[in-house]
Structures are given as C-alpha cells and as structure tokens.
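The structure appears below as structure tokens.
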2 protein chains.
Amino acid sequence: MVLRMRTKVNALPGCPMSMCMDLLGGLWTPELIWSLSDGPRRFSELRRDIPAISAKVLTSRLRDLEARGVLGRSVLPTSPPTVEYELTSLGRELLPAIRSIVEVGSRLLLRDRPAG
Amino acid sequence: MVLRMRTKVNALPGCPMSMCMDLLGGLWTPELIWSLSDGPRRFSELRRDIPAISAKVLTSRLRDLEARGVLGRSVLPTSPPTVEYELTSLGRELLPAIRSIVEVGSRLLLRDRPAG
DNA sequence: CTGTATCCCCGTGGATACTG
DNA sequence: CAGTATCCACGGGGATACAG
C-alpha cells in the first residue's frame with residue numbers, strides 16, 4: 001500500500017533552485033513542512049499525518065531541518081515529555097513553493113480525471 | 001566541484017503533491033525541465049546546460065519524462081542524427097511550480113547574503 | 001511519548017567502453 | 001552526434017530492538 005518511490009533531486013550549489021530544493025529534497029520533506037504549515041505539531045502527530053514515514057526517517061528529517069533553521073523544536077516540561085515542532089520564518093518562506101507544487105498537482109489530477 | 005547531493009522525495013500516491021513531485025523528483029529533473037522551458041534543445045545542448053549530469057542519467061531522465069508525457073522527442077533526418085527534445089503541454093504545466101521554487105530560492109539567497 | 005542504535009538491502013548514479 | 005551496456009560503489013531507508 002505504501003508507495004516506495006525513491007527519487008533524487010540535485011542542483012548546482014549556490015543557485016536559486018538548489019537553495020530551495022536542498023531544503024525540500026529529502027524523503028517526505030515537502031509533506032513534513034506542509035503538515036507544519038498549520039501550526040506546531042508533536043512527533044506522534046506528525047507520524048499520524050504521514051503514516052508511511054518511519055520513526056528513523058522522521059527523526060532524521062526533523063533534526064536536519066532544525067539544523068538548517070527550517071523548523072524549531074521545543075520540549076515542554078511535562079511527563080511524559082512533549083515535544084513540539086514548528087516552522088521558523090525561514091520554513092514559512094518555503095510554503096509558496098510547496099503551495100505551487102500542490103496547485104500544479106491538483107491541475108494534473110483534473111487533467112487525468114476530468115470527469116472523475 | 002560537483003555537488004553530489006542525493007535526496008529523495010516521496011508522497012502518498014494519488015494526492016496532488018505526489019502528482020507533481022513524481023514528475024519533478026528525479027535527479028536533475030527540475031533543471032532539465034527548466035532548460036527546456038525556453039524551447040527545444042538537443043541532447044548535447046542539455047549536457048552543456050547541466051555539465052554535472054552524466055549521459056546515462058540524462059538519457060534515463062529523457063526516456064522517463066517522455067514516457068510520462070512531459071516532453072517529446074523528435075529525430076531530424078540529418079547526418080549525423082539530430083535529436084530535439086521539447087516540453088509538451090503537460091510539461092509546460094510544471095513550469096509554475098519550478099518557477100516558484102526558483103523564486104523562493106532567490107529570496108533565500110538574498111536572505112543569506114543581504115549585502116551580496 | 002520521543003526518540004536512538006544496529007544491521008542489511010537494493011535502488012540509483014558514476015565511470016568506462018562501445019555503437020549506429 | 002546520440003546514445004547503450006556493464007560493472008561497481010555508495011548511502012539512504014526499512015525493520016527491529018532498545019532507552020530516557
């Protein structure tokens with residue numbers, strides 16, 4: 001049921017396209033950022049948003065995007081621990097690109113199934 | 001000198017995002033489509049546009065995108081053979097997403113180097 | 001709940017040599 | 001010019017088990 005498509009994107013370093021694709025290019029990265037666009041979300045919520053993602057990859061993406069300044073991580077002093085992730089202003093700058101991708105995809109869906 | 005960044009993108013099948021990312025997600029795919037946005041280009045021109053791409057991968061992308069209806073291939077009856085690739089209407093529908101990616105990337109570049 | 005550590009698979013791309 | 005064929009290495013991701 002899970003589509004295991006593997007793709008890779010690349011771009012010349014220092015050019016506009018790679019600036020953006022370097023941030024969006026990881027497995028599940030666009031979905032992850034998209035899930036955070038509505039506001040802060042917790043680890044387990046993200047897993048539910050994207051059921052096909054493994055804990056390992058989710059952690060990996062989260063750490064990576066945090067290191068790149070795309071999202072912030074805050075640990076709430078509860079028991080058991082609660083961790084919230086939310087987009088930074090840098091992360092929010094990526095949303096127009098993702099939105100455009102979704103829009104184009106929607107148009108392609110209509111194209112494929114004009115009557116469906 | 002060549003950046004060998006490897007990334008993978010994924011998306012749930014049948015959703016708008018994957019409709020678009022399935023088409024953009026391959027290594028060098030956005031650059032390739034972007035190179036074709038100005039008009040038809042030949043194999044060797046594409047290699048010059050994207051020096052870091054290998055012939056194998058370029059061929060692979062070209063065949064794949066042709067099969068998906070993103071671009072068309074025409075062999076001109078010259079000697080030696082001339083082959084031209086150009087975006088189809090489907091391929092042109094992807095351009096807004098790529099343009100948005102480039103715009104966001106440009107903004108990120110300015111953000112990183114506000115003074116140049 | 002929020003992760004980390006380990007092992008292993010295998011897809012994907014590079015290099016090289018060759019072809020019509 | 002425009003590819004194809006072959007071999008190989010790499011490294012990312014899945015599964016599983018474990019931890020604070």
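Only a predicted model underlies this, so the values are computations on that prediction, with no experimental measurement involved. Both backbone and side-chain heavy atoms feed into the values below; hydrogens, waters and symmetry mates do not. Residue numbering restarts at 1 for every chain, and letters A, B, ... go by the order of the sequence lines.
- In this structure, the side chain of B:S60 does not engage the main chain of B:K56 through any donor-acceptor pair within 3.5 Å.
- A straight line from CG of B:L58 to C1' of D:dG3 spans 10 Å, rounded to a whole angstrom.
- Listed by first and then second residue, the salt bridge (Lys or Arg N to Asp or Glu O under 4.0 Å) pairs that reach into residues 32-42 of chain A are A:R41-A:D49, sequence neighbours excluded.
- Residue pairs that meet the side chain to side chain donor-acceptor pair (under 3.5 Å) test with at least one member in residues 65-79 of chain B, sequence neighbours left out, are B:D64-B:R68, B:R73-B:Y85, B:T78-B:T82.
- For the salt bridge (Lys or Arg N to Asp or Glu O under 4.0 Å) condition, the pairs that include at least one residue of residues 85-95 of chain A, sequence neighbours left out, are A:E93-B:R111.
- Atom CD in A:E103 sits 12.5 Å away from atom CD1 in A:I98 (nearest 0.5 Å).
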For nucleotides 1-3 of chain C, which of its nitrogen or oxygen atoms have a protein nitrogen or oxygen under 3.5 Å away, and what is each distance?
from, atom 1, to, atom 2, distance (Å)
C:dC1, O3', A:R42, NH2, 3.1
C:dT2, OP1, A:R42, NE, 3.1
C:dT2, OP1, A:R42, NH2, 3.3
C:dT2, OP2, A:S44, N, 3.1
C:dT2, OP2, A:S44, OG, 2.8
C:dG3, OP1, A:R63, NH2, 2.8
C:dG3, OP1, A:R73, NE, 3.4
C:dG3, OP1, A:R73, NH2, 2.5
C:dG3, OP1, A:Y85, OH, 3.4
C:dG3, OP2, A:Y85, OH, 2.4
C:dG3, O3', A:R63, NH2, 3.4

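- Applying the side chain to side chain donor-acceptor pair (under 3.5 Å) criterion to B:S44, with sequence neighbours excluded, gives B:R48.
- Rounded to an integer number of Å, the gap from CZ of B:R41 to P of D:dC1 is 14 Å.
- Between the side chain of B:S18 and the backbone N or O of B:M21 there is no donor-acceptor pair closer than 3.5 Å.
- When atom types are taken as modelled, the side chain of A:S35 and the backbone of A:L46 share no donor-acceptor pair closer than 3.5 angstrom.
- Close to C:dG13, at under 4.0 Å from its OP1 or OP2, lies no side-chain N or O of B:S54.
- When the C1' atoms of four end pairs are superposed on the next four at each end of the helix from C:dC1-D:dG20 to C:dG20-D:dC1, using five pairs per end, the two resulting axes differ in direction by 50°, to 10°.
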